[in-house]
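Model, not experiment: these values are computed from the prediction.
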Amino acid sequence: MASRVARIQGLKLAKKQLRRKQLLAGTGTVAAVSSLGVGILGAVHGRAQATGQSISAPPQATVFTNTDESHTQFIKTIGDSARDLAAKNDLYASVMIAQAILESSWGQSGLATAPNYNLFGIKGSFNGQSVSMATQEDDGTGKRYTIQAGFRQYDNYTQSLQDYVNLLKQPMYTGAHKQIAATYQDATQFLTGRYATATDYNTHLNTLIDRYHLTDYDRPASWS
C-alpha cells in the first residue's frame with residue numbers, strides 16, 4: 001500500500017514538473033539563447049509599467065535551428081499581413097516578423113498557439129481577455145527569475161499583429177520607425193533595452209532577418 005501511494009505521489013510530482021516546464025517553455029523560457037529580457041525591467045521599468053504593456057521573455061533556442069518547412073510556412077502565414085501593417089505604420093516588416101519568430105518560437109509556444117495567439121509576449125489583457133502563465137524574466141544583467149503573469153489573449157494572429165503595431169505607436173518606440181531608423185539594424189538596436197532589456201536582443205533579431213531573408217517583406221509584394 002505504502003509503495004502504491006509513493007508511486008502515485010511520484011507521478012503527480014512528475015506531472016506537475018512537466019506542466020511547469022511546458023508553461024515556462026510556452027511563454028519564452030530561454031535555453032541556449034540567453035540574456036534576452038523584458039520591457040518592464042531595467043531602465044524602462046517605470047515607462048513600461050505606466051503603459052501597462054510590458055513584454056515577456058523571448059522563446060527557446062529552437063528558434064535558431066535550421067530552416068524547415070514549418071519555419072517557411074510560419075513566415076508565409078504572417079508575412080503579408082506584417083508587410084501591409086508595417087508599410088501603413090512606418091515600421092520594418094522584417095523586424096516585426098523576426099520579433100514574432102523570436103518571441104513565439106515560430107508560433108509554437110503555448111502562448112502563441114490557440115486559444116491565445118499571442119505572438120509577441122505582450123502582457124496585460126486585450127478586449128478583456130487574458131491568460132495567466134509562468135514566465136522567466138531577465139533583470140537586465142542576465143539573471144533570470146520566474147513570475148506568474150497575465151498575457152494578452154487574441155482571437156487570431158491578425159489581432160496580435162495589429163496590437164503589436166499599436167504598441168509601437170507609443171512615443172517610447174518612435175526610434176524603431178523608418179522615419180528615424182534608417183535601416184532595420186538601427187530599428188533592432190533601438191528596441192534593445194526598450195522592448196527587451198538584453199544587450200544582445202538586436203543580434204538575435206538581425207540573425208533571423210539575415211538568415212530568412214526577411215527584408216523581402218520590407219518591399220512591396222510586387223517587388224519580391
Side-chain angles (χ1 to χ4, degrees), residues 24-30 33 36-41 44 47-49 51-60 62-63 71 74-75 77-86 88-89 91-127 129-133 135-138 149-170 172-173 175-177 184 187-188 190-198 201-202 204-206 208-209 212 214 217:
L24 289 172
T27 55
T29 302
V30 176
V33 183
L36 296 173
V38 295
I40 199 171
L41 301 175
V44 297
R47 286 176 292 172
Q49 190 175 50
T51 63
Q53 296 184 348
S54 56
I55 312 302
S56 79
Q60 307 169 60
T62 53
V63 167
H71 293 177
F74 179 72
I75 292 172
T77 297
I78 68 171
D80 287 337
S81 294
R83 188 204 313 266
D84 183 57
L85 285 168
K88 292 177 179 177
N89 292 278
L91 297 171
Y92 286 96
S94 58
V95 176
M96 188 186 307
I97 297 169
Q99 285 191 272
I101 292 170
L102 190 62
E103 300 289 343
S104 76
S105 192
W106 297 100
Q108 297 303 306
S109 72
L111 190 60
T113 53
N116 303 315
Y117 298 105
N118 189 327
L119 292 174
F120 299 96
I122 301 178
K123 293 177 183 170
S125 63
F126 179 82
N127 291 340
Q129 299 181 110
S130 66
V131 58
S132 179
M133 287 188 174
T135 182
Q136 283 199 342
E137 307 283 11
D138 189 319
F151 293 85
R152 297 186 179 195
Q153 189 177 54
Y154 306 99
D155 293 331
N156 48 55
Y157 282 167
T158 300
Q159 288 184 347
S160 182
L161 290 163
Q162 181 62 66
D163 198 37
Y164 164 87
V165 170
N166 293 340
L167 175 64
L168 263 67
K169 287 180 180 179
Q170 295 186 14
M172 68 180 290
Y173 293 118
H177 289 228
Y184 76 79
T188 59
F190 180 83
L191 289 171
T192 303
R194 290 177 175 82
Y195 195 97
T197 57
Y201 190 63
N202 63 313
H204 298 301
L205 294 178
N206 293 344
L208 288 168
I209 291 169
Y212 298 100
L214 300 183
Y217 289 93

**Asked** Is the backbone N or O of Leu168 less than 3.5 Å from a side-chain atom of His177, with the two atoms forming a donor-acceptor pair by type?
**Response** yes

Practice task
Would you mind reporting whether Asp155 and Gln129 have side-chain heavy atoms less than 4.5 Å apart?
Solution key: yes

### Query
Where the side chain of Ser109 meets the backbone of Ala112, is there a donor-acceptor pair that is under 3.5 Å apart?
yes

Between Asp84 (side chain) and Lys88 (backbone), is there a donor-acceptor pair under 3.5 Å? no

Review point. Is the closest side-chain heavy-atom distance between Thr158 and Tyr117 below 4.5 Å?
Key: no

task = Could you label the plane-to-plane angle of the Tyr201 and Tyr195 rings as parallel, tilted or perpendicular, counting under 30° as parallel and over 60° as perpendicular?
result = parallel

Separation between OG (Ser132) and CZ (Phe151), nearest 0.5 Å, reads 8.0 Å

So OG of Ser160 and CD1 of Ile122: to nearest 0.5 Å the spacing works out to 6.0 Å

Test side-chain contact (heavy atoms from CB on, under 4.5 Å) on Phe190 and Asn202 and set out the steps. CA-CA 8 Å; Phe190 180 83; Asn202 63 313; over 6 Å; no

ask   = Do the ring planes of Phe120 and Tyr164 sit parallel (below 30°), tilted (30 to 60°) or perpendicular (above 60°)?
value = parallel

Heavy-atom closest pair (Ile97 atom, Ala82 atom, distance to 0.1 Å) is CG1-CB, 3.7 Å

ask   = Mind checking whether Phe74 and Tyr157 have side chains closer than 4.5 Å, heavy atoms only?
value = yes

Applying side-chain contact (heavy atoms from CB on, under 4.5 Å) to Ala86 and not counting sequence neighbours gives Leu91, Ala93, Met96

Just so I know, are the side chains of Ile101 and Leu214 near enough to count as touching, which here means a heavy-atom distance under 4.5 Å? yes

**Prompt:** Where the side chain of Ser104 meets the backbone of Ala100, is there a donor-acceptor pair that is under 3.5 Å apart?
**Reply:** yes

Practice task
Would you mind reporting whether Leu191 and Val95 have side-chain heavy atoms less than 4.5 Å apart?
Solution key: yes

Rounded to the nearest 0.5 Å, the CD atom of Gln108 sits from the OG1 atom of Thr113 at a distance of 7.5 Å

Phe126 meets the side-chain contact (heavy atoms from CB on, under 4.5 Å) criterion, sequence neighbours left out, with Arg152, Tyr154, Gln159, Asp163

dist Lys123:NZ -> Met133:CE (nearest 0.5 Å) comes out at 13.5 Å

Taking the side chain as C-beta and beyond, is there a heavy-atom pair between Thr188 and Ile209 under 4.5 Å? yes

